[in-house]
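Notes for the one structure printed next.
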Amino acid sequence: MSTPPPRKVALITGITGQDGSYLTEFLLTKGYEVHGLIRRSSNFNTQRINHIYIDPHNAHKAHMKLHYADLTDASSLRRWLDKIHPDEIYNLAAQSHVAVSFEIPDYTADVVATGALRLLEALRSHIADSGRTHVKYYQAGSSEMYGATPPPQSEATPFHPRSPYAVSKCAAHWYTVNYREAYGIFACNGILFNHESPRRGENFVTRKITRAVGRIKEGLQSKVFLGNLQASRDWGFAGDYVEAMWLMLQQEKADDYVVATEEAHTVEEFLEVAFGYVGLNWREHVRIDERYFRPAEVDNLKGDASKAKRVLGWKPKVGFEKLVKMMVDEDVELAKREKVLVDAGFMDAQQQP
């Protein structure tokens, strides 16, 4: 009886985030062994991957393993590269909230920009010492890097970042290009436009809206406070976009790719679909709060993903309306469960107005 070929090994930073959880699921279905780097926290932050976690004592079943590390700690990054011996590295970790980056710009730059540099340098020295030249690296870019540059935005479009987060992502992008050109590392930038899902953080506008829709529908709140409703974004499904990340690392040549649906919708359009889906009028529940306007607004992001379609053979499967309804369905169910706790006196519904 022949022994099966060894599993490919992937290392994911940001494994506990929205994209990290979908990418982990995807890679496990491809037969990978997946290692995730997580930060130490007094609160468990693994809820997005709990459903696929298997205790490592079940060695024959546990193909996802978690390790403590941090993009601000270069020694931990090098140590795990040497121990895990990954074939592919996906750098998804970030302080990823644009508005919050104005509040904590130093930290954002340290994690997003310099964190990517630390990981690339750890990889360079790992390759130099081990001779493992086949290792491939994916850097998570962002459409926010384009900022004020008018759409459509492609790989050839100049960056004009409008937030500390976007500036930091630009730095990470160019560090990745530099290490590819200077050291011959197989390093790709995926410039992903907005990608959402039911696993999106609740302080991102799309999830904030669908969460509110569920709670308003169940009588747990009556209003939701938002900022710029005319901001236009190219919104896709995160579950589709992680396949594009993987495809980039399966090519003969390392390159950079825009990943997008090539459709743009305003926040107001998102509200129309989300509230309309459950028979509500968003105008009766939405209030504008100046605190949610950014110091420098990004008005219109719409990607040109023709290169990803042509070279990678990738295209999105979930359209805008399907995405919004998928998120609303999940959040209506979540609100129903919440209401049971409220009605039983285990929870106070008045946290929201």
Side-chain angles (χ1 to χ4, degrees), residues 17-19 22 94 96-102 140-155 157 159-167 169-170 190-213 224-242 244 257-277 282 286 288-289 292-306 308 315-328 331:
Q18 169 189 253
D19 295 4
Y22 282 112
S96 59
H97 199 284
V98 174
V100 172
S101 76
F102 286 100
S142 168
S143 58
E144 289 286 335
M145 299 189 298
Y146 295 114
T149 308
Q153 293 104 353
S154 74
E155 296 84 2
T157 304
F159 299 143
H160 187 153
R162 300 266 286 170
S163 67
Y165 167 76
V167 173
K169 279 293 186 185
C170 286
I191 307 171
L192 272 57
F193 280 64
N194 293 61
H195 42 292
E196 318 297 315
S197 76
R199 299 180 195 173
R200 189 57 138 153
E202 292 185 23
N203 57 350
F204 287 82
V205 67
T206 51
R207 185 73 198 289
K208 184 176 180 180
I209 290 169
T210 60
R211 192 77 171 88
V213 167
V224 60
F225 296 88
L226 300 172
N228 180 13
L229 303 189
Q230 297 314 309
S232 184
R233 296 290 184 270
D234 185 328
W235 276 305
F237 173 51
D240 289 343
Y241 283 36
V242 298
Y257 299 88
V258 162
V259 179
T261 68
E262 303 185 326
E263 277 183 33
H265 299 273
T266 63
V267 176
E268 187 171 310
E269 288 176 75
F270 196 101
L271 286 166
E272 290 274 5
V273 176
F275 277 84
Y277 182 46
W282 69 266
V286 173
I288 302 302
D289 187 332
Y292 297 121
F293 284 83
R294 300 176 186 175
E297 284 288 340
V298 174
D299 296 320
N300 195 351
L301 296 175
K302 181 183 175 185
D304 172 1
S306 51
K315 61 181 180 181
K317 300 180 182 73
V318 178
F320 176 70
E321 287 208 8
K322 185 177 178 183
L323 170 66
V324 179
K325 290 174 179 177
M326 171 201 304
M327 293 175 69
V328 170
D331 279 330

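Only a predicted model underlies this, so the values are computations on that prediction, with no experimental measurement involved.
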| Would Ile191 and Tyr257 count as a side chain to side chain contact (heavy atoms under 4.5 Å, CB included) if you check the C-alpha gap in whole Å, the side-chain angles of each, and the deciding distance to 0.1 Å? | CA-CA 6 Å; Ile191 307 171; Tyr257 299 88; over 6 Å; no
| request: Might you work through the side chain to side chain contact (heavy atoms under 4.5 Å, CB included) test for Leu271 and Leu226, ending with a clear yes or no? | output: CA-CA 11 Å; Leu271 286 166; Leu226 300 172; 3.9 Å; yes
| message | Assess the residue pair Phe293 and Asn228 against the criterion (side chain to side chain contact (heavy atoms under 4.5 Å, CB included)); give the C-alpha distance rounded to whole Å, side-chain angles, the decisive distance to 0.1 Å, and a yes or no. | response | CA-CA 6 Å; Phe293 284 83; Asn228 180 13; 3.7 Å; yes
| message | Go through it in stages, so that I can follow the logic: the residues are Val286 and Ile209, the test is side chain to side chain contact (heavy atoms under 4.5 Å, CB included), and I'd like the CA-CA distance, side-chain angles, deciding distance and then a yes or no. | response | CA-CA 9 Å; Val286 173; Ile209 290 169; over 6 Å; no
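The minimum heavy-atom distance linking His265 with Trp235 is given by the pair O-CZ3, 3.2 Å. Closest approach of Asn300 and Ala264 over heavy atoms only: OD1-CB, 4.2 Å. Taking each heavy atom of Pro198 and Met326 in turn, the nearest pair found is CD-SD, 3.8 Å. Heavy atoms only, all atoms of each residue included: Ala238 and Asp19 are closest at CB-OD1, 3.9 Å. Ser143 approaches Asn194 most closely through the heavy-atom pair OG-OD1, 3.5 Å.
Between the side chain of Asp234 and the backbone N or O of Leu301, no donor-acceptor pair lies under 3.5 Å. When atom types are taken as modelled, the side chain of Lys302 and the backbone of Ala260 share no donor-acceptor pair closer than 3.5 angstrom. Arg162 places no side-chain N or O within donor-acceptor distance of the main-chain N or O of Gly147, the cut-off being under 3.5 Å. Remark: side-chain polar atoms of Gln153 are paired, donor with acceptor, to backbone N or O of Thr149 under 3.5 angstrom. The closest donor-acceptor contact from the side chain of His97 to the backbone of Asn203 lies under 3.5 Å.
Interatomic distance, Glu144 CD to Ser96 OG, rounded to the nearest 0.5 Å: 11.0 Å. Put simply, CD on Glu269 and OG on Ser232 are 7.0 Å apart, with the number rounded to the nearest 0.5 Å. Note that OH of Tyr165 and CZ of Arg294 are 10.0 Å apart. Values are rounded to the nearest 0.5 Å. Distance NE2/His195 to CZ/Arg233: 13.5 Å, rounded to 0.5 Å. Remark: Asp240 CG to Thr261 OG1 distance equals 10.0 Å, nearest 0.5 Å. A distance of 10.0 Å separates CE in Met327 from CZ in Phe237, rounded to the nearest 0.5 Å.
Residues satisfying the salt bridge (charged side-chain N to carboxylate O under 4.0 Å, His left out) test with Asp331, not counting sequence neighbours, are Arg207.
When side chains are defined from C-beta on, Val258 does not count as touching Thr157, because their heavy atoms never get closer than 4.5 Å. Looking at heavy atoms from C-beta onward, Trp282 lies in side-chain contact with Glu268 at the 4.5 angstrom threshold. Taking 4.5 Å as the limit, some side-chain heavy atom of Ser142 sits within range of a side-chain heavy atom of Lys169. Contact annotation: the side chain of Tyr241 never approaches that of Gln18 to less than 4.5 Å [non-hydrogen atoms, C-beta and beyond]. When side chains are defined from C-beta on, Leu229 counts as touching Ile288, because their heavy atoms get closer than 4.5 Å.
For the residue pair Thr266 and Gln230, no side-chain donor N or O sits within less than 3.5 Å of a side-chain acceptor on the partner.
Tyr22 carries Arg199 over the face of its six-membered ring, with the cationic atom under 6.0 Å from the centre and within 45° of the normal.
Ring centroids of Tyr146 and Phe159 are separated by less than 6.0 Å, placing the two rings close together.
In this structure, Phe270 and Phe320 have perpendicular ring planes: the angle between them is above 60°, well past the 30° mark.
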